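See below for the structure under consideration.
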Amino acid sequence: MSAPEQNPATADGARVRFGPCATAIVELAARRGRSAAVEAVAARRGLPLPAYGRATFGGGQLAISVRPERWLLLSPPATPGLAGDTWQEACAGNAAVIDLSSGLAVIYLAGADSAEVLIRGCRLDLHPTKFPAGHAAATVIAQVAVTIVQLPAARLLLTPATTARHFAAWLAATGAPFGISQTGAVPFTAISGESFS
Amino acid sequence: MLRIPCPWCGERDEIEFRYRGDASVSRPAADAGIEAFTTYTYARENPRGWHLEWWLHVAGCRKLIKVVRHTLTHEIRAAGRADESLLLPPEGSGE
Amino acid sequence: MLWEGLRGHTGWPHAWRKAEPRPRYQVVIVGGGGHGLATAYYLATEFGIRDVAVVERGPIGLGNVGRNTTIIRSNYFQPDNVRFYEFSLKLWEGLEHALNFNAMVSQRGTLNLFHTEAQRDLFTRRANGMRLQRVDAVALNRAEVKARVPLVDLDNGRYPVLGGFLQPRGGTVRHDAVAWGYARAASAAGVDVIEQCAVTGIRRDGRRVTGIDTTRGLIKADTVCLAVAGHSSQLAEMAGLTLPIETHVLQAFVSESIKPVLDVVLTYGAGHFYVSQSDKGGLVFGGAIDGYNTFGQRGTLPMAEEVAAAAVTLLPGLARLRVLRQWGGVMDMSMDGSPIISKTPVDGLILNGGWCYGGFKAIPAGGMTTAHLIARGEPHPAAAHLDLGRFAAGRTIDERGIGPYPYLH
Amino acid sequence: MTGPHRITAGLLTDAAKAIGFSFDGRTLTGLAGDTLASALLANGVRLVGRSFKYHRPRGVVTVGPDEPCALVDVLTKSGREPNQLATTLELATGLAAESQNRWPSLGFDMFAINDRLSRFLPAGFYYKTFMAPGWAWERLYEPLIRRAAGLGRLQAAISDHAAPAETLHEHTDVLVVGAGTTGLAAAALLGASGLRVLLVDQDVALGGGSLLDARWTSWREAMLATLAKLDSVCCLPRTAVVGAYGHGVFGAVESLAPHRIAASGGLRERMRIIRARRVIFATGSVERLIAFPGNDVPGVMLASAALGYLHRYGVAVAHHPALFLNNDEAYEAAFALADAGVRCAGIIDVRPASKAADRARARGIEVHGNAVVAGVTGRRCVRALQVTDADGRNRRTIAADCLLMSGGYSPASALASQLGAALVWQSAIAAFTPALDSASGYVAGAARGCFGLAAAAQDGASAAVAIARDLGRILRISAPAPDLPVDPQGTSTSAVWEIRGRGKAFVDLQHDVTADDVRLAQREGYEHVEHMKRYTTHGMATDQGRIGGLVGSAVLAAARGVPLSRVGQPHPRPYLQPLSFAALAGMEVREHFKPKRRLPLHQWHESAGATFVPVGVWLRPLVYSKQTGWDPVLKEARAVRHSVGVTDVSTLGKIDVQGADAGRFLDFVYANSMSTLAVGRARYGIMLREDGMMLDDGTVSRFGPEHFLLTTTTANSAAILEHLEFQLQANCPTLDVLLTDVGDQWAQFALAGPRSREVLAAVVSGIDVANEAFPFMATAEANIAGRTGRLFRISFSGELAYELAVPASEAQSVWLAVLEAGKTFDIKPYGLDALNTLRIEKGHVTGAELNGNTSADDLGMQRMLKKQGDFVGRMLSQRSGLSAPDRLQLVGVRPADAARRLRNGAHVTLRETDTASLGYITSSTPTVEREGWVGLALVAGGRARIGQRLFARSVIHGESLPIDIVSAHMLDPENLRVRA
């Protein structure tokens, strides 16, 4: 809870930075009473679906659960075998599979001061004891829907595409006192690189 | 400021939710007639005390939840999923 | 004043008699707020009914009449509402001399800003509707808005101001003085103003009301009028009635007092906020309702943040001004956003309520038309549309077109 | 030593750092760590302002945020900030302050005449006066009163929006408000137990009362060291909790130190919204004034103020001060001043005897027991005091240049009261204490009347133990280590409120409310404390009457002849400290005030020279031109009518509906039938509210037996999604339906015009777009410019038209492909204005007609309502009132004189000069294909009036023009074009 002026930004502003992360996104929405079946399908494909409010990594994909009986699956863009249509077949009858790759923007936020920036808009308790790696939550920041995924050494922020630019502007303005820097596209490997314990 | 204990997401600020009114009334059957629908649509118990109400967690799980709230003190005694049946504390208690 | 000044102000009498309840009255009005006191005053002075008591659970004038943002205006969309509120505005204009009490009626004008063409169309429609009824309304362009309110930042980064609509005769009134003035004049006309007298029950004989039980005993009456907006549902329940009303809190804020910077009542069109400057120098702000039923007469934090954000956006010069107090009043939100002045299914029980945001500015008309309904047994022409029956019949007067969902207002 | 009154080193001041500042243009020097007030006093400046109503000379009264008198304007580069408290305003190099509410100068103030006329200006005088003649209030009296009222002057500067602000969201197990011995002891214990603790104090330094007693220095420093070591504890000095909002939520404001302000780009305060599982109010107490004639003369101040200025800033407030008090604690000021070499002119104690008096006499300080101050000599500063025995006899004069008063101490209970604490009268301390139920929080230390630093610390420890127990932690140690200094033995306070005599005795120094004003209010019947407050404005100033509030209640109680406990005091509302709008607003202001929603093609539209218009949160291209007027709009519209145009309709709400019961659900939420829709077809649909009024319209497309997509209007997209989610979960809980917002996923373009099919054919593959193969209201998946997308044959413009939907990330390439393919037909992108022009001509409705007061019948859609089966709004749409013949019905209108323009918002009347409104014009536009204007209107019994000539009156434009009422379907009523 330190104040910005106590954390002077380093020359390259590396204490906190953010950048877009190109991912393919599908949402699995279990049909009424079929969530167990969906989890079984996913397990067979090497992706153990997370419990509510959690995120898990498996089979080259990141699975996020911030809506009951629904899962967001993030994968590298256009990876054969991970695309929505393959899930479509696999989940036929058990889940609606909806491509949201264009609907959600994924922002990768990292750096020692990233928590300091977030508490200036995020109303959740992001204290490490309350929101450790592998936790995920949907909330609102700067009047925009944001899903936060806590990675071991960074955070993913998922936000609707049409307000992504507004949110990025807010992030830049709020992070300015911390010397926040905006990076280029962050590869999906930055996510997959982070192991969940 | 209300802190609403969403049964899915845990305690969240009220601004994440949209209030949807009295959860103790249910929509009349299709053939119940105009008077029944008039009552359903316009009449309000509007208690000064414990109130069972709908909140839609629009900024979170997007689930409709039930909340037992005191309309004077704003104390929230219970919250549950849409299909749970929550009991109201006795009238006059909790002031 | 001069004479009293010289004799040390020892001669001022009580503004209103501290009356003791009598066993029966022709008319008992429940609620010593603006509408209750005004109704009593007009019953006594306009309709010659002096056998009247106003019973108030606490001291008079501490409900919404003492908690509002003191604005008077008659700029409404629905023609019926324009007629009613204009009737009220005309009564305001003659009020102080009728009461011999300076309520500081200040017709400094109310200015509604608009920020989109769609809003311009709506306000044009409203202004034309008012003008057809010979009510004043003027359209202002950007430059005229800026000239009238130099504090406004026309291009405020998000919703530029395209213009405004002014009702020159709108303005403010010193709210407490309204309750005191009516109480004083009603009392002088023979009305018993009974404070610290809470109603515990409403007596009925079959379908007819016969009186009220109070913490100071039974009071019989031929007619009982409920004028307790904010708590109408609770009183009506005593008579076995369920009303098309929800209770919500409306909030207000006042800043430290400064030398005059604003001489109009200003309403933002792109956010929930309006402001005027009181004669004491404080800027008085209002917001929207919080959106859930509440009887908590207190301010909340989210609304304070929203109002402040709108204020700083539209009037950046106020950024360093400091807000002193925040409070709330609980209102009847009716299911169509318009008031109710009506007979009820219980004979002899009259309801004055459902005022939503409009209660204060409506006090003179509310009192006059309610008194008319009580005295004549039929609605005053200006309030004929405000009956309870309109909901079942589908004749609602939906000022905002929101429908029966107050939490969406 | 910067100033003759700086007699020693202060706890907060840095003797090495002199700072120049100015007051009323006079250049002075203070020290780093000074407040403006301490620096002024150090320089011997006593007169700092003029009072609100009587413009009487006023000086510094307190040492902190409770100050009623020492308010100044601060001149900054961006303007002038009024009503800054000199007693908390930290000295910064070049600070320029001016006294307030005087003209022409502080020394000589014209308005001071009010003081002489004061007998004619009692409380509430304006209610009885200024009424004649009738016109005079606004034009004469009110402007005068308004000019005279108000303290500081605000010099508004637009540039102030640059002032940064921020709101931090905090979470903690325990919030401890107040870092005196109570709070320090509690925080240390709670922190040691591993709980997260937030310790806040409004003062610049932590320690509260222990800062004013050297015996406590080592204990305080030990505590602060302990706290600093605990990771789970966060200490926030300079942070005032301004409101308690229930559910463990508190609003707090941190004021940054001058050097920090510079370091953080001008940030002045930081709003903190704190969410705590438990709270301890260790807010201490506030010293009270005593109402006696002349208790406002500069030099009359609280005893605690003298003590504070001495210890904190090394400043002696006077050379020869006297004290007037009713309690032992206040003697400490005399003792401390004596220790510092300031000789005391005597202590006037209303009590006959006390332990403190004995100690004073033992130190050679004269104490007048059983005595009171009956008056003050001097106008701009205290010169002498009139002292009498308690019974008024034995009048004598005591020379003094300052009077330190202490009427006892009131626990600071405002926050507890906001959480519903009842106030209980405690005669032992002559004050109210808050009774708060432990579920809401704990009040500890002086805040609950537990006076004495050691006793308070013990009390804080007990509260900590209780809270730790609530939260499942067991605290072994319960005594705050190290050992506490011992509180001095004391004699209890004896209540004294007012000393009556000639001259004004103030109970509210900032609003100039006197004890006589309170009595006058009572005589006039304003005898309830809330009435008295409102009538006299007692306690309504920036200081909220903290030091005089209870005194006013006491005067009222005496006048009514009832005990003070029955009168009580007004309910304290937020905010405890005045709070700048900037801080409260946070950073979601101006460009951040509301989110900006941008189209996937926003940048393309920008580069194409579009003029954007805010529509709700969206930014939409209005027209592809910077030129105003209708020409560019009509050019775009003409392209659609004559050849082909394309427009971005991605703002439409789009909701994916899947599941076995999807059709059933849509039948329930739409007034018309959807389950009967064939796969591969689309249908126009209307939704009603439960009260039978129109809610929204849009299209529903069926991609598969269990898969639909519906569109909503742009304005209602969020509301409709919520409506559907509510209806599904509340009223159809057993249905197998999944609702997913895909609004941002899909970009959607309308390709419209007689040549649109040819353009389409060039960009789609694998689908036959011939009229028969892909008829009106058909839909299909399609390969559009090489991307997988969806194709709809839907028309809003009234022309042959298609809508193309592709994933938003593909929007640009597809859009460009369409423009490329359209080149040969001179395709034009068209904006919102042209879109509107086209739909008005066709008679399609939008928000202007779906205004929440129109029924399906009003809009001529009654036939669409299902005869069979339940749906939202079905029953109440059958009410008589919704089909009354005089309801406003949708019609088209044309000016009789084609040269005249229509105006939206004009009212429709029967005759040129009628005042009775028959309705109004909702939308209008110049026509594309013929001369003149057309419009849509809602007219009473409109359909029966088709063919009539009525008038469109726009009184504010001084217009009344004849119009012809026509069918709303003004263009191609047989729908030949869309089917072509």
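Side-chain atoms are counted along with the backbone in the values below, which use heavy atoms only and exclude waters and symmetry mates. Order of the sequence lines fixes the chain letters, A, B, ..., with proteins taken first and strands second; residue numbering starts at 1 for each chain. Given the structure is predicted, the values throughout are model-derived calculations rather than measurements.
- Annotation: side chain of H14(C) is not in contact with side chain of Y526(D) (no heavy-atom distance under 4.5 Å).
- Across G271(C), A310(C), A139(C), the residue that shares the most heavy-atom pairs under 4.5 angstrom with chain D is A310(C).
- Heavy-atom pairs under 4.5 Å with chain D were tallied for S278(C), P79(C), G129(C), P160(C); the largest tally goes to G129(C).
- For Q119(C), no part lies under 4.5 angstrom from a heavy atom of chain D.
- Rounded to the nearest 0.5 Å, atoms CZ (R400(C)) and CG (N851(D)) are 14.0 Å apart.
- Here H531(D) is the residue among E269(D), H531(D), E588(D), H511(D) with the most heavy-atom pairs under 4.5 Å with chain C.
- Only the side chain of R134(C) has a heavy atom closer than 4.5 Å to any heavy atom of chain D.
- Separation of atoms OG1 (T909(D)) and CG (L132(C)) is listed at 7.0 Å; rounding is to 0.5 Å.
- Taking CG of D176(C) as the reference point, atom NZ of K533(D) lies at 9.0 Å (rounded to 0.5 Å).
- Stacking of R125(C) on the aromatic ring of Y920(D) is recorded, both the 6.0 Å distance cut-off and the 45° axial limit being met.
- When the candidates R395(C), M104(C), R108(C) are compared by the number of heavy-atom contacts under 4.5 Å with chain D, M104(C) comes out ahead.
- At least one side-chain heavy atom of H528(D) sits under 4.5 Å from a side-chain heavy atom of L62(C).
- Side-chain N or O atoms of R298(C) include none that pairs as donor or acceptor with a backbone N or O of L419(D) at under 3.5 Å.
- Residue D263(C) touches chain D through both its backbone and its side chain, counting heavy-atom pairs closer than 4.5 Å.
- Residues Y405(C) and D691(D) share a closest heavy-atom pair of OH-N, 4.5 Å.
- Taking a cutoff of 4.0 Å between a charged side-chain nitrogen and a carboxylate oxygen, D153(C) and R590(D) qualify as a salt bridge.
- If you measure heavy-atom distances from A541(D) to chain C, the contacts under 4.5 Å come from the backbone alone.
- Heavy atoms of V74(D) lying under 4.5 Å from chain C are absent altogether.
- Heavy atoms closer than 4.5 Å to chain C are found in the side chain of T537(D), but not in its backbone.
- Interface remark: of the candidates Q277(C), R126(C), Q133(C), E306(C), Q277(C) forms the most heavy-atom pairs closer than 4.5 Å to chain D.
- If you take CZ on R879(D) and CZ on F391(C), they are separated by 10.0 Å, rounding to the nearest 0.5 Å.
- When heavy atoms are compared at a cutoff of 4.5 Å, Q84(D) approaches chain C by way of both its backbone and its side chain.
- Side-chain contact between R158(C) and K594(D): present, with at least one pair of heavy atoms (C-beta onward) separated by less than 4.5 Å.
- With values rounded to the nearest 0.5 angstrom, S580(D) atom OG is found 4.0 Å from R320(C) atom CZ.
- H957(D) is listed as a side-chain neighbour of T124(C), based on a closest heavy-atom distance under 4.5 Å.
- Contacts of L315(C) with chain D are absent, with no heavy-atom separation under 4.5 Å from either backbone or side chain.
- When all heavy atoms of I956(D) and A137(C) are compared, the pair lying nearest together is CG2-O, 4.1 Å.
- Side-chain contact between F581(D) and F253(C): absent, with no pair of heavy atoms (C-beta onward) separated by less than 4.5 Å.
- In this structure a side-chain-to-backbone donor-acceptor pair under 3.5 Å is present from R534(D) to G66(C).
- A pairwise comparison of heavy atoms in L584(D) and V323(C) identifies CD2-CG1, 4.0 Å as the closest pair.
- Distance alone, capped at 3.5 Å, places no donor-acceptor pair between the Y245(D) side chain and the P302(C) backbone.
- Within the 4.5 angstrom heavy-atom criterion, no atom of F123(C) approaches chain D.
- A pairwise comparison of heavy atoms in N128(C) and A906(D) identifies ND2-CA, 3.8 Å as the closest pair.
- Considering all non-hydrogen atoms of both residues, G401(C) and N853(D) come closest at CA-ND2, 3.8 Å.
- Residues D398(C) and R689(D) are paired through a salt bridge, judged by an N-O separation under 4.0 Å between the basic side chain and the carboxylate.
- In this structure, the portion of E195(C) lying under 4.5 Å from any heavy atom of chain D is its side chain and not its backbone.
- In this structure, no portion of R120(C) lies under 4.5 Å from any heavy atom of chain D.
- Between chain D and the residues A15(C), A309(C), P404(C), the most heavy-atom pairs under 4.5 angstrom are made by A309(C).
- A salt bridge between E524(D) and R184(C) is absent, with no side-chain N of the basic residue lying under 4.0 Å from a carboxylate O of the acidic one.
- Taking 4.5 Å as the limit, some side-chain heavy atom of R322(C) sits within range of a side-chain heavy atom of N83(D).
- When each of V242(D), T167(D), I273(D), D516(D) is checked for heavy-atom pairs under 4.5 Å with chain C, I273(D) comes out on top.
- Rounding to the nearest 0.5 Å places CG of L579(D) at 12.0 Å from OG of S255(C).
- When each of R953(D), M540(D), E530(D), M693(D) is checked for heavy-atom pairs under 4.5 Å with chain C, M540(D) comes out on top.
- Side-chain contact between V254(C) and R573(D) is absent, with no heavy-atom pair separated by less than 4.5 Å.
- Using a 4.5 Å cut-off on side-chain heavy atoms (C-beta onward), Y575(D) and R325(C) make no contact.
- The minimum heavy-atom distance linking L324(C) with Q544(D) is given by the pair O-NE2, 3.4 Å.
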Discussion item. Could you walk me through whether L301(C) and V249(D) satisfy the side-chain contact (heavy atoms from CB on, under 4.5 Å) test, starting with their C-alpha distance in whole Å, then the side-chain angles of each, then the deciding distance to 0.1 Å, before giving a yes or no?
Written reply: CA-CA 9 Å; L301(C) 194 51; V249(D) 178; 4.2 Å; yes
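- For chain D, the nearby part of T116(C) is the side chain; its heavy atoms alone come within less than 4.5 Å.
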